[in-house]
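Atoms considered below: every heavy atom in the structure, side chains included; atoms not considered: hydrogens, waters and symmetry mates. All of these numbers come straight from a predicted model, not from anything done at the bench. Counting starts at 1 for both ligands and their atoms, following the listed order.
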Amino acid sequence: MWKVQLFKLNFDGRECEAVAAVLESGWLTMGERITDFESEFSNYLGNGVQSLAVANGTAALHMALLALDIEPEDEVIIPALTFVADANSVKLVGAKPVLADCANLDDWNMSVESIERCITPKTKAVMVVHYAGYPCDMPAIVELCRKRGLKLIEDVAHAPGATVGGRSCGTWGDIGCYSFFSNKNLSIGEGGMVTSCNPDLLQRLRYLRSHGMTTLTLDRHKGRAITYDVAEPGLNYRMDEMRAAIGLVQLDKLPAGNARRKELTERYRHNLADSGIAIPFANLQVDHVSAYHILPVLLPVETERNAVVEGLKAEGIQSSIHYPPFWSFTAYAGQFSSADAPIATAICDRELTLPLFPTMTDEEVDLVTTSLRECL
Ligand SMILES: *Cc1c(COP(=O)(O)O)cnc(C)c1O
């Protein structure tokens with residue numbers, strides 16, 4: 001139906017073979033593919049971080065909040081411009097999400113100043129999102145959290161492979177939370193990862209992932225353990241072996257995929273220069289490396305976004321919006337006001353996401369940008 005889809009999987013025969021090998025092995029969950037995927041992901045991130053594979057990105061966020069003892073009455077600062085999973089997970093542990101605004105119309109991440117404005121005596125944690133794959137100012141945010149005694153969670157769903165000064169996003173805070181949903185840079189379908197450098201937090205995350213149990217089925221199968229204790233109440237947020245097998249193949253493709261996303265993004269920037277359409281993060285700091293997850297643009301103020309969406313659709317080009325303001329959803333109605341985050345509100349009104357995926361061709365970018373210019 002689409003000439004240019006918003007996103008396409010970067011799959012070939014290798015993913016199929018990897019899954020088939022798991023099915024033939026007769027061991028379906030929490031086996032060697034999981035431990036391999038976790039250790040290879042940790043090596044990829046570096047900085048001595050350890051990784052635990054989990055069911056999805058939202059499970060990772062929920063576990064992070066529980067492991068950091070976020071409780072009712074606590075406030076957690078989250079970006080206004082993000083996917084609703086951040087607010088939902090904070091709400092579901094009974095805490096209150098507080099919205100930090102974007103830094104400005106070019107840097108759409110929350111800034112140290114916008115976080116600082118939200119701090120109250122009830123603030124317990126900050127949850128940062130590296131929007132579209134572009135890193136937040138992590139050295140300054142880590143320093144602020146240290147000074148104010150706040151926990152720091154990184155939602156790295158957009159940014160596996162992004163770095164600041166050579167250090168991976170997801171290894172700066174107390175806990176990093178990754179998503180491997182179909183349309184992320186590393187695609188599994190459903191899947192995620194939690195990462196930490198803190199052995200106590202890692203132990204708690206292990207318990208939360210698997211019913212609080214002190215041994216795994218595999219340990220008992222291998223005769224390493226006879227029974228188990230339950231150390232604390234836990235959930236079942238485990239990943240299975242088929243998903244880990246896909247994850248290992250996808251991790252192998254991630255560096256080249258991110259590099260291609262960067263080339264395509266540069267082509268978009270070149271093609272849309274002087275068009276009246278702005279692509280954010282034009283002034284990426286020299287020591288920041290993006291994962292180029294999506295290609296968001298800011299339409300001119302006077303442009304009717306729906307007409308552009310329809311115009312692109314007529315040319316066979318799919319587009320999307322990242323994100324509608326989540327505080328206008330029914331579940332959050334009346335709880336926040338646009339005045340809490342005026343810059344994010346302006347961006348939400350004018351944002352449009354264009355196709356970006358590693359197997360996209362230069363010609364497809366040209367088709368999108370030509371069609372977009374015609375729509376204006
Ligand atoms: C995708 C995404 C999530 C949720 O991940 P799931 O694996 O779909 O649960 C959370 N935060 C952000 C910013 C995301 O883009």
If you scan protein heavy atoms around atom 4 (C) of ligand 1, the nearest is T58 OG1, 3.6 Å
If you count the atoms of ligand 1 from 1 in the order shown, which ones are under 4.0 Å from a heavy atom of H158?
13 (C), 15 (O)
Side chains of V249 and E17: closer than 4.5 Å at any heavy-atom pair?
no
Ligand-side contact atoms (ligand 1) for residue partner F83, heavy atom cut-off under 4.0 Å:
2 (C), 3 (C), 10 (C), 12 (C)
If only atom types and distance count, is the side chain of Q250 paired as donor or acceptor with the main-chain N or O of L186 below 3.5 Å?
no
F180: which residues meet the ring pair (Phe, Tyr, Trp, His ring centres under 6.0 Å) condition with it, sequence neighbours left out?
F37, F41
Close N or O approach (T82, ligand 1; < 3.5 Å)
no
Counting from 1, what ligand 1 atoms have a heavy atom of N56 closer than 4.0 Å?
7 (O), 9 (O)
How close does the nearest protein non-hydrogen atom get to atom 2 (C) of ligand 1, and which residue and atom is it?
K184 NZ, 2.6 Å
Check the hydrophobic clustering (I, L, V, M, F, W, Y; side-chain heavy atoms under 4.5 Å; chains of links allowed) and say if L6 and I317 are grouped together.
no
Which bit of Y323 is near ligand 1, meaning a heavy atom under 4.0 Å away: side chain, backbone, both or neither?
side chain
T171 to G46 - nearest heavy-atom pair and separation:
CG2-O, 4.1 Å
Are F326 and F83 close enough that their ring centers fall under 6.0 Å?
no
Counting only N and O atoms by type, is there a donor-acceptor contact under 3.5 Å from the side chain of N56 to the main-chain atoms of G191?
no
Report yes if G57 has an N/O atom closer than 3.5 Å to an N/O atom of ligand 1; otherwise report no.
yes
Let's go through N258 and N185 carefully: what are the C-alpha distance in whole Å and the side-chain angles of both, what is the deciding distance for side-chain hydrogen bond (donor to acceptor under 3.5 Å, both in side chains) to 0.1 Å, and is it a yes or a no?
CA-CA 7 Å; N258 284 1; N185 290 35; 2.9 Å; yes
Starting from atom 11 (N) of ligand 1, what is the nearest protein heavy atom, named by residue and atom, and what distance separates them?
D155 OD2, 2.7 Å
Mind checking whether E190 has an N or O less than 3.5 Å away from an N or O of ligand 1?
no
Can you report which non-hydrogen protein atom sits closest to atom 5 (O) of ligand 1, along with the distance?
S179 OG, 3.2 Å
